[in-house]
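Atom set for the values below is all heavy atoms of this structure, side chains included, hydrogens, waters and symmetry mates excluded. Model, not experiment: these values are computed from the prediction.
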Amino acid sequence: MDTEVQVVTREKLVEDLRVVLADTEQLLKAVIGQSSEKLAALQPRIEENLRNAKARLAEFEQVASDKARAAAQATDDYAHEHPWRIAGVSALLGVALGLLIGRR
C-alpha cells in the first residue's frame with residue numbers, strides 16, 4: 001500500500017470514528033430526553049457506522065502490523081548481511097555514550 005493510499009485510509013478511519021462518536025452522542029441525547037422511537041431510528045445507523053469503523057480500524061491495524069513486520073525483517077536481513085557494520089556502529093555508539101556519561 002503506497003503512502004497516498006495510507007493517508008486516505010487513515011483519514012477515512014478518522015472520519016468514520018468521528019461519525020460513530022457523533023451518532024453515539026445523538027444516541028445518548030435520545031436516551032436521556034427522547035422517545036424510544038428516536039432511539040430505535042438511530043440504532044441501525046449507529047450499528048452500521050460502528051461496524052464500518054471497526055472494519056477500517058482492523059484494516060489499518062493489519063497494514064501497520066505488516067509494515068512493522070517488514071521493517072523488522074529488513075533489519076534482520078541487513079544485520080545478517082553486514083554483521084561487522086552493525087558491530088562497528090554499536091561500538092561507536094557505546095564509546096560515545098561512555099564519553100557522555102564520563103563527562104557528568
Side-chain angles (χ1 to χ4, degrees):
M1 189 176 283
D2 65 357
T3 305
E4 185 177 317
V5 174
Q6 287 176 351
V7 170
V8 171
T9 302
R10 190 175 311 133
E11 289 172 357
K12 181 64 176 149
L13 174 63
V14 169
E15 181 58 33
D16 287 349
L17 290 174
R18 284 186 182 142
V19 169
V20 168
L21 290 174
D23 287 347
T24 303
E25 184 178 20
Q26 285 182 342
L27 177 62
L28 287 174
K29 288 178 183 178
V31 169
I32 291 171
Q34 300 296 322
S35 68
S36 62
E37 292 171 7
K38 271 195 172 182
L39 179 61
L42 286 174
Q43 184 178 357
R45 189 175 82 191
I46 290 172
E47 288 174 350
E48 179 182 351
N49 289 335
L50 187 56
R51 276 192 305 274
N52 290 341
K54 283 181 181 180
R56 295 255 186 229
L57 183 58
E59 179 183 331
F60 187 72
E61 287 174 336
Q62 184 63 44
V63 168
S65 176
D66 291 346
K67 286 196 169 286
R69 196 172 293 113
Q73 184 63 47
T75 302
D76 187 56
D77 291 344
Y78 183 83
H80 282 91
E81 291 171 10
H82 307 286
W84 289 109
R85 285 185 186 174
I86 300 296
V89 169
S90 298
L92 285 174
L93 288 175
V95 168
L97 185 59
L99 289 173
L100 286 174
I101 291 173
R103 287 189 178 183
R104 288 186 175 201

Quiz prompt | Qualifying salt bridge (charged side-chain N to carboxylate O under 4.0 Å, His left out) pairs with a residue from residues 68-93, counting only residues at least two apart or across chains | solution =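 Every pair satisfying salt bridge (charged side-chain N to carboxylate O under 4.0 Å, His left out) with a residue in residues 68-93: Asp66-Arg69.
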Exercise. Please name the residue in the list Leu93, Leu92, Ile86 that meets the side-chain contact (heavy atoms from CB on, under 4.5 Å) test with Ser90.
Key: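 In the set Leu93, Leu92, Ile86, the residue that makes a side-chain contact (heavy atoms from CB on, under 4.5 Å) with Ser90 is Ile86.
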Quiz item: Apart from Val95 itself, what residues make up its hydrophobic cluster when side-chain heavy atoms of I, L, V, M, F, W and Y under 4.5 Å apart count as a link, directly or indirectly?
Solution: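 For the cluster that includes Val95, the remaining residues are Leu99.
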Quiz item: When clusters are formed from ILVMFWY side-chain contacts under 4.5 Å, directly or step by step, what else is grouped with Val19?
Solution: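 Under the 4.5 Å side-chain rule, Val19 groups with nothing.
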